[in-house]
Amino acid sequence: MKPLCDTMQHMKRQTDGQTRQRILDFIHTHTEQNGRLPLLREIAAAIGLSRASGVSYHIRQLILAGQLPRWKTRVPSGPGVENRQFLLGF
């Protein structure tokens, strides 16, 4: 019988993998439909995460794994521009 900690780590990896796949699917669908990358908050809402920081973590892991490109996009700033969290790829 496997130790409980090994089983829990395997379950977390499986769940992380499923979450990351859902993030990738949403990014591709949203980009095709809207012609732009989704905001971190839009991704979080779509896949059921409560915080954009969770999405940020998974996106960093996807980039490190080579599954998502790193975008060279600047976040708009200045008068009249809302302070938003954009998907940049860090």
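As a basis for the values below, the full set of heavy atoms in this structure was taken, side chains included, without hydrogen atoms, waters or symmetry mates. Since we're looking at a predicted model, the values are computed, not measured.
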Here the pair of heavy atoms bringing Ile63 nearest to Pro69 is CG1-O, 4.1 Å
Tell me, please, which residues at least two apart from His30 pass ring pair (Phe, Tyr, Trp, His ring centres under 6.0 Å). Phe26
Tell me, with the steps shown, if Asp25 and Ile47 meet side-chain contact (heavy atoms from CB on, under 4.5 Å). CA-CA 10 Å; Asp25 293 343; Ile47 66 167; over 6 Å; no
Sequence-distant partners of Arg36, salt bridge (Lys or Arg N to Asp or Glu O under 4.0 Å), two or more places apart: Glu42
Kindly say whether Ala52 contributes a backbone atom to a donor-acceptor pair with the side chain of Ser56 at under 3.5 angstrom? no
Side chain to side chain contact (heavy atoms under 4.5 Å, CB included) partners of Leu24, counting only residues at least two apart: Gln21, His28, Leu62, Gln67, Leu68
To the nearest 0.5 Å, what is the distance between OG1 (Thr31) and CG (Leu37)? 4.5 Å
So do His58 and Leu49 actually touch side chain to side chain, heavy atoms under 4.5 Å? yes
Heavy-atom side-chain contact between Tyr57 and Arg51 under 4.5 Å: no
